[in-house]
Amino acid sequence: MKSFSQQLQESLTDRQSQGLYRHRKTTTTAQDTEIEVNGKLLINFCGNDYLGLANHPEVLSACKQGVDLYGVGSGASHLVVGHSHAHQALEEELADFTGRSRVLLFSSGYIANVGVLTALANKKDCVFEDKLNHASLLDGGLFSGAVFKRYPHLDIAKLADALKKKQKSENTFIVSDGVFSMDGDCAKLPRLIDVAKNYNSQLMLDDAHGFGVLGRSGGGLVEHYQNSGHIINEQNLPILVGTLGKSFGTQGAFIAGSEELIESLIQYCRPYIYTTAMSPAIAEASRTSLKLIQKENWRREKLQTLIKSFRTRCKALGFTLTNSMTPIQGLLFGDAHKSLKASQILEKDNIFVTAIRPPTVPQGTARLRITFSANHTQDQLDLLITALEKVQPLISEEASNVAG
Ligand SMILES: *Cc1c(COP(=O)(O)O)cnc(C)c1O
């Protein structure tokens with residue numbers, strides 16, 4: 001019999017030989033466009049701090065004032081004595097921002113998604129999810145015990161087919177990322193709303209990467225579609241999720257929805273009830289981020305300029321990019337070893353981009369995931385493109401392999 005530690009070792013060795021082994025890198029500076037990683041200064045193209053708020057002086061100062069007022073830890077869960085005025089104010093401000101009756105804060109997006117799905121769905125229900133949804137949504141659907149179905153990425157016709165054929169169930173949920181976290185492409189929200197209406201389903205949208213970045217005042221994919229005349233509200237999109245760890249530059253997440261939805265979560269959502277509330281100082285920092293998100297349009301405009309220029313130049317170099325208008329840009333290699341090699345070549349030029357490999361993305365779609373921040377300069381973009389020219393031969397090799 002193999003010992004347990006031998007079993008673990010074999011599976012680790014196996015992972016290594018597939019080019020899928022993951023290592024953590026240690027940073028020693030603040031999250032910014034330049035960052036010290038393992039003692040070396042690199043230009044950072046892999047963070048999710050899209051608006052450059054994680055190290056913004058006003059956000060830092062709000063956090064420090066929060067610490068002075070409330071201390072560091074919240075000391076308890078929200079239902080005991082951990083729910084401060086800072087949390088309450090942030091919830092109310094996020095409700096205004098999203099145009100929803102109420103908002104509930106969570107200490108992470110992963111927990112929010114697992115919490116909501118396990119609280120709302122059970123084995124008499126059906127959950128339909130886009131194949132490329134974030135792991136937390138897929139896990140939530142699975143953990144809920146509901147009949148769980150995944151539809152091909154963005155394929156609304158297939159989703160409608162599946163809904164038509166579904167067995168009798170009490171409630172049906174349709175669950176999708178707003179902006180997909182590895183491809184940067186977007187859900188076809190108006191069509192999801194139509195299908196949900198036709199099949200009497202509850203729609204849940206997780207717009208972790210859309211808030212702050214899309215929509216005229218950073219209201220995400222919902223505002224993006226509202227700006228072009230679509231009517232989207234609490235009735236046709238009852239469960240809206242956002243996170244604070246991306247554009248907000250802080251930490252945590254929120255669910256926005258009706259009075260009844262939020263009250264039900266407070267009563268029944270175990271991952272909400274049985275965990276310590278986020279630090280009140282983080283809530284204060286997030287309140288300041290929210291003000292900057294709504295006020296400072298130039299951050300979104302700057303991002304769009306960087307994204308357009310990056311895409312034009314990559315296409316000229318013959319790269320294949322994911323279909324994305326967002327700061328998440330996937331540069332496809334297909335092969336896991338090659339994407340890893342590409343990221344190592346870039347690192348020699350002091351460019352920090354992570355290779356994303358299965359199981360995070362489907363087999364055969366390993367890639368570099370390049371992300372932009374409003375704080376990136378044109379010079380930094382130029383350096384990225386120059387470095388990418390050096391990994392270009394890896395692509396040609398791959399292409400000729402496929403052709404041969
Ligand atoms: C990052 C992310 C999450 C998880 O949020 P955390 O606060 O990091 O736990 C959930 N959903 C999506 C779509 C994400 O991109």
Side-chain angles (χ1 to χ4, degrees), residues 24 31 46-51 53-54 87 90-91 94 98 103-118 127 129-144 150 153-154 173-189 192 203-214 218-222 224 237 239-256 269 271-272 275-279 282-283 285-286 289-290 293 322 324 326-330 354 356 359-362 367 369-373:
R24 299 175 305 171
Q31 183 60 222
C46 49
N48 298 324
D49 177 29
Y50 306 125
L51 299 182
L53 299 182
H87 297 113
L90 176 58
E91 287 185 349
L94 285 168
T98 54
V103 153
L104 193 68
L105 288 178
F106 283 76
S107 31
S108 93
Y110 184 94
I111 288 296
N113 284 335
V114 168
V116 167
L117 284 160
T118 52
V127 174
E129 300 211 20
D130 189 293
K131 254 204 161 120
L132 298 192
N133 273 355
H134 190 265
S136 56
L137 292 171
L138 299 172
D139 289 355
L142 287 167
F143 299 166
S144 74
R150 298 205 286 170
H153 185 46
L154 301 179
F173 298 86
I174 299 173
V175 181
S176 179
D177 278 24
V179 173
F180 286 84
S181 51
M182 293 300 138
D183 289 54
D185 54 351
C186 297
K188 300 166 184 168
L189 184 54
L192 284 174
L203 183 59
M204 171 171 176
L205 189 80
D206 172 2
D207 205 16
H209 298 278
F211 278 112
V213 164
L214 299 176
L221 193 65
V222 170
H224 169 82
L237 173 54
I239 311 164
L240 180 59
V241 186
T243 66
L244 304 173
K246 277 123 194 182
S247 291
F248 282 75
T250 61
Q251 192 167 23
F254 61 91
I255 307 289
C269 177
Y272 177 76
T275 195
T276 302
M278 74 163 67
S279 163
I282 296 290
S286 306
S289 291
L290 177 58
I293 285 175
T322 51
S324 162
T326 69
I328 302 170
Q329 297 287 322
T354 37
I356 307 279
T360 309
V361 293
R367 67 197 62 187
R369 178 177 181 269
I370 298 167
T371 55
F372 289 98
S373 155

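Residues take their numbers from the sequence shown, with the count starting at 1. Numbering of ligands and ligand atoms starts at 1, following listing order.
Taking the six-membered ring for Trp and the full ring otherwise, Tyr50 and Phe372 have centroids separated by 6.0 Å or more.
Using a 4.0 Å cut-off to heavy atoms of Asp177, the atoms of ligand 1 that qualify are 13 (C). Near Asn113, the atoms of ligand 1 lying under 4.0 angstrom from a non-hydrogen atom of the residue are 10 (C), 11 (N). Residue His209 approaches ligand 1 through these ligand atoms, each under 4.0 Å from one of its heavy atoms: 14 (C), 15 (O). Atoms of ligand 1 lying under 4.0 Å from any heavy atom of Thr243, numbered from 1 in the order shown and given with element: 5 (O). Close contacts of ligand 1 with Ser181, meaning ligand atoms under 4.0 Å from a residue heavy atom, involve 15 (O). Residue contact check: Gly109 has heavy atoms under 4.0 Å from atoms 4 (C), 5 (O), 6 (P), 7 (O), 9 (O) of ligand 1. Here is the list of ligand 1 atoms found below 4.0 Å of a heavy atom in Ser108: 7 (O), 9 (O).
Atom 4 (C) of ligand 1 has its closest protein heavy atom at Tyr110 N, 3.6 Å. Protein heavy atom closest to atom 12 (C) of ligand 1, with residue, atom name and distance, is Asp206 OD2, 3.2 Å. Regarding atom 14 (C) of ligand 1, its nearest protein heavy-atom neighbour is Lys246 NZ, 2.9 Å.
At a 4.0 Å heavy-atom cut-off, ligand 1 does not touch Asn48 at all. If you look at Gln251 next to ligand 1, there are no close heavy atoms at all, none under 4.0 Å.
Annotation: Ala208 places no N or O atom under 3.5 Å from an N or O atom of ligand 1; distance criterion only.
Although no hydrogens or angles enter the test, the distance criterion places no donor-acceptor pair under 3.5 Å between the side chain of Ser144 and the main chain of Thr118. The main-chain N or O of Pro271 is never found under 3.5 Å from a side-chain atom of Thr275 such that the two would form a donor-acceptor pair. In this structure a side-chain-to-backbone donor-acceptor pair under 3.5 Å is present from Arg369 to Ser181. Here the side chain of Ser247 pairs a donor or acceptor atom with the backbone of Phe211 at under 3.5 angstrom. Thr371 places a side-chain N or O within 3.5 Å of a backbone atom of Gly47 that can act as its donor or acceptor partner.
For the residue pair Thr250/Ser286, the side-chain donor-acceptor check at 3.5 Å is satisfied. Between the side chains of Ser324 and Thr322, no donor-acceptor pair of N or O atoms lies under 3.5 Å. Using modelled atom types and a 3.5 Å distance limit, the side chains of Asp185 and His153 yield a donor-acceptor pair.
For Ser136, the closest heavy-atom approach to ligand 1 falls below 4.0 Å.
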